[in-house]
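To start, the structure itself, in structure tokens.
Everything numeric in this text was worked out from a predicted model, so none of it was measured.
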Amino acid sequence: MSLRKFKHAFTLFLMKSLAGLGGSPAYMAYTGSGSAAELCRHITRTGVRKLLLVTDKPLRDLGIVDQATAALADTGVEIVIFDGVEPNPTYDQVAAGRKLMVEHGCEAVLAIGGGSSIDAAKIIAASASSDEDPKTWVGFGKVKHEVPKLYVIPTTSGTGSEATMGAVISDSESREKGVISGSSLLPTAVALDSDLMLGMPAPITAATGIDALTHAIEAYICVWDRGTRKEHAAMATRLIFRHLRDAVADGSNREARDAMAMAAYYAGIAINQVNVGNVHAIAHQIGGKYGIPHGLANALVLPHVLEFCRAESGEALAELALLVEAGSAGESTDALAGKFIAAVVQLRADVGLPETSDKIRAEDYDYLAGLAFKECEGYPVPKLLERDAILDILRKITA
């Protein structure tokens, strides 16, 4: 065994040991049409009098924020709005949100939006009750203090951040992404309300849907068999293959929207138990460097990573092929694995996502590969990425 593989195995051993010391995460979710109002009524019942609402300006301008919080009107809950979140949120945005929360004495946080708003809200809440630099929290379990309660209303079906204890924040200068994770960052309660997702643009629906699929697949093929990761990952994968095309084709299809909201949530529960994998190790770098939306970055990388670990993940990929009816029982494991990868490629094409990006630059390959090479060592992947493999994938996804 090489030194790198030994270090990886030891890292996974430590992760399993630390995970065993904590209790199981508790989830509370309101689902379906009107569930945002139910969550707002729940917040009111908890006695919160002043709430920081974290979102982005486009959602606020579209009126979605007002729609989501209508049930808080005339309840006596004062809402302070921070709408400065942008895609790939930075520590600077976190600091601005923290300043507003502290100045107004907000007791809790409500995030409305996609993964960027939810991730930013997690670290805003954590930093509002601490004088520590959030950059020192990168890693697992470094947020040790009590964090104000966080409530979440996602408006996309992709990141699963509403179901996880992790947040991804970028350094505005280096553009490198840091993952901060710990049980104190798990949302207290969420609302999966399809009313707020109706009419979502097709490109966003597609990218966030493949993001959720990436989470489900990476949880399913990982080498750490923990909790309900396979059950939730399987449910998410099945729902996405059945409903993503319909959600993209018709933004008003409520059944598809409900299904995709649940799929993203299930996939989030799965990765919350075992983490993500090699796809994210590369996608985080091209997202941070070029501003490529996270779902699209995952969509570019996913098939290539699956092909890279096809031999090591063959049985799991074969199971997924049968799950989505991409093959038949009795076919060889390798044939089924290949058919599942082909089904992923076809789904990506059917929802209109590209195979390559013209934003990626060859002169950055070594830099990106170095970061991905390091990041994957902390994930329970079936096969560690090597530098040559990363460079090959970068070349394949560059237009």
List the atom pairs, donor and acceptor, that lie under 3.5 Å between side-chain atoms in residues 198-206 and the rest of the protein, sequence neighbours left out.
| unit_1 | atom_1 | unit_2 | atom_2 | d |
| --- | --- | --- | --- | --- |
| Thr205 | OG1 | Met200 | O | 3.4 |
| Thr205 | OG1 | Pro201 | O | 3.0 |
| Thr205 | OG1 | Arg257 | NH1 | 3.0 |
| Thr205 | OG1 | Arg257 | NH2 | 3.3 |

Under 3.5 Å, which donor-acceptor pairs link side chains of residues 50-60 to any protein atom two or more places apart or in another chain?
| unit_1 | atom_1 | unit_2 | atom_2 | d |
| --- | --- | --- | --- | --- |
| Lys50 | NZ | His104 | O | 3.0 |
| Thr55 | OG1 | Ile112 | O | 2.9 |
| Asp56 | OD1 | Leu59 | N | 2.8 |
| Lys57 | NZ | Asp61 | OD1 | 3.4 |
| Lys57 | NZ | Asp61 | OD2 | 3.0 |
| Arg60 | NH1 | Asp83 | OD2 | 3.1 |

Contacts table for residues 260-270: side-chain donor-acceptor under 3.5 angstrom, sequence neighbours left out:
none

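Under the 4.5 Å side-chain contact rule for hydrophobic residues, Leu100 and Val77 do not share a cluster. Hydrophobic clustering, with ILVMFWY side chains joined whenever heavy atoms are under 4.5 angstrom apart, groups Leu323 together with Ile341. In the hydrophobic clustering of this structure, Ile271 does not group with Ile282; members are Ile, Leu, Val, Met, Phe, Trp, Tyr whose side-chain heavy atoms approach within less than 4.5 Å, directly or through other members. One hydrophobic cluster, built from ILVMFWY side chains closer than 4.5 Å, holds both Phe82 and Ile123. A continuous path of ILVMFWY side-chain contacts below 4.5 Å connects Leu371 to Leu391, so both sit in one hydrophobic cluster.
A search for side-chain hydrogen bond (donor to acceptor under 3.5 Å, both in side chains) contacts involving Arg238 returns nothing, not counting sequence neighbours. With sequence neighbours excluded, the residues that form a side chain to side chain contact (heavy atoms under 4.5 Å, CB included) with Glu355 are Arg348. Residues passing the salt bridge (charged side-chain N to carboxylate O under 4.0 Å, His left out) test with Glu377 are Arg4, sequence neighbours excluded. Annotation: side-chain hydrogen bond (donor to acceptor under 3.5 Å, both in side chains) contacts of Ser161 (sequence neighbours excluded): Asp119, Lys122. Under the ring pair (Phe, Tyr, Trp, His ring centres under 6.0 Å) criterion, His294 pairs with His280, His284, not counting sequence neighbours. Evaluation of the side chain to side chain contact (heavy atoms under 4.5 Å, CB included) rule for Lys135 yields Tyr91, Asp133, Asp171 as partners, not counting sequence neighbours. For Tyr220, the side-chain hydrogen bond (donor to acceptor under 3.5 Å, both in side chains) partners two or more places apart in sequence, or in a different chain, are Glu319.
Between Arg41 and Glu38 there is no salt bridge, since no side-chain N of the basic residue sits under 4.0 Å from a carboxylate O of the acidic one. Between Glu375 and Lys177, none of the side-chain N atoms (NZ, or NE/NH1/NH2) sits under 4.0 Å from a carboxylate O, so this pair counts as no salt bridge. Salt-bridge annotation for Asp334 and Arg310: present, with a side-chain N of the basic residue lying under 4.0 Å from a carboxylate O of the acidic one.
Applying the salt bridge (Lys or Arg N to Asp or Glu O under 4.0 Å) test to every pair with at least one member in residues 102-111, sequence neighbours left out, gives these pairs: Lys99-Glu103. Sequence neighbours left out, the pairs with a member in residues 240-254 that pass salt bridge (Lys or Arg N to Asp or Glu O under 4.0 Å) are Asp195-Arg254, Arg245-Asp350.
No hydrogens or angles considered: nothing links the side chains of Ser129 and Glu146 as a donor-acceptor pair under 3.5 Å.
Counting only heavy atoms from C-beta outward, the side chains of Ile169 and Trp137 never approach each other to under 4.5 Å. For the pair Asn278/Cys309, no side-chain contact is recorded, criterion being any heavy-atom separation below 4.5 Å from C-beta on. Looking at heavy atoms from C-beta onward, Pro380 lies in side-chain contact with Asn275 at the 4.5 angstrom threshold. Considering only heavy atoms from C-beta on, Pro148 comes within 4.5 Å of Met101 through its side chain. Taking the side chain as every heavy atom from C-beta outward, Ile360 and Tyr365 approach each other to under 4.5 Å.
Smallest separation of non-hydrogen atoms from Val48 and Ala108: CG2-CB, 4.1 Å. Between Ala318 and Thr333 the shortest heavy-atom distance is CB-O, 3.9 Å. The nearest pair of heavy atoms linking Leu336 to Gly327 is CD2-CA, 3.7 Å. For Ile118 against Ala111, the heavy-atom pair with the smallest separation is CA-CB, 4.0 Å. Summarising the geometry of Arg229 relative to Ala219, their closest heavy-atom pair is NH1-O, 2.9 Å, with the distance given to 0.1 Å.
The structure places CE of Met197 at 13.5 Å from CG of Asn253, a figure rounded to the nearest 0.5 Å. The CZ atom of Phe340 lies 4.5 Å from the CG atom of Leu320; values are rounded to the nearest 0.5 Å. Taken to the nearest 0.5 Å, the NZ atom of Lys149 stands 14.5 Å off from the CG atom of Leu110. Note that CD1 of Ile43 is 9.5 Å distant from OG1 of Thr188, once rounded to the nearest 0.5 Å. We find the CD1-CG distance between Ile390 and Asp366 to be 11.0 Å, quoted to the nearest 0.5 Å. A distance of 11.5 Å separates CD1 in Ile397 from CZ in Arg395, rounded to the nearest 0.5 Å.
Annotation: Glu315, atom CD; neighbour count of heavy atoms from other residues, nucleotides and ligands within 6.0 Å does not exceed 12. Counting non-hydrogen atoms of other residues, nucleotides and ligands closer than 6.0 Å to CD of Glu386 gives a total above 12. With a 6.0 Å radius and a threshold of 12 heavy atoms from other residues, nucleotides or ligands, Glu132 has its CD atom above the threshold.
Put simply, the side chain of Gln67 never gets that close to the backbone of Leu196: no donor and acceptor are under 3.5 Å apart. One N or O on the side chain of Arg226 and one on the backbone of Gln273 form a donor-acceptor pair closer than 3.5 Å. Not a single donor-acceptor pair under 3.5 Å links the side chain of Gln93 to the backbone N or O of Ala120. Using modelled atom types, no side-chain atom of Asp358 and backbone atom of Ala399 make a donor-acceptor pair closer than 3.5 Å.
Of the residues listed (Thr90, Asp92, Asn88), the one engaging Ser172 in a side-chain hydrogen bond (donor to acceptor under 3.5 Å, both in side chains) is Asp92, and it is the only one.
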(message) Could you go through Glu162 and Leu192, starting from their C-alpha distance and side-chain angles, then the distance that decides it, and tell me whether this counts as side-chain contact (heavy atoms from CB on, under 4.5 Å)?
(response) CA-CA 9 Å; Glu162 67 273 12; Leu192 308 176; 4.2 Å; yes

(request) List the steps and the verdict of side-chain contact (heavy atoms from CB on, under 4.5 Å) for Lys142 and Thr136. (result) CA-CA 8 Å; Lys142 296 182 181 180; Thr136 66; over 6 Å; no

(request) Would you check, one step at a time, whether the test side-chain contact (heavy atoms from CB on, under 4.5 Å) holds for Thr159 with Val168? (result) CA-CA 11 Å; Thr159 70; Val168 181; over 6 Å; no

(request) Would you check, one step at a time, whether the test side-chain contact (heavy atoms from CB on, under 4.5 Å) holds for Tyr27 with Asn272? (result) CA-CA 11 Å; Tyr27 294 97; Asn272 200 46; 2.8 Å; yes

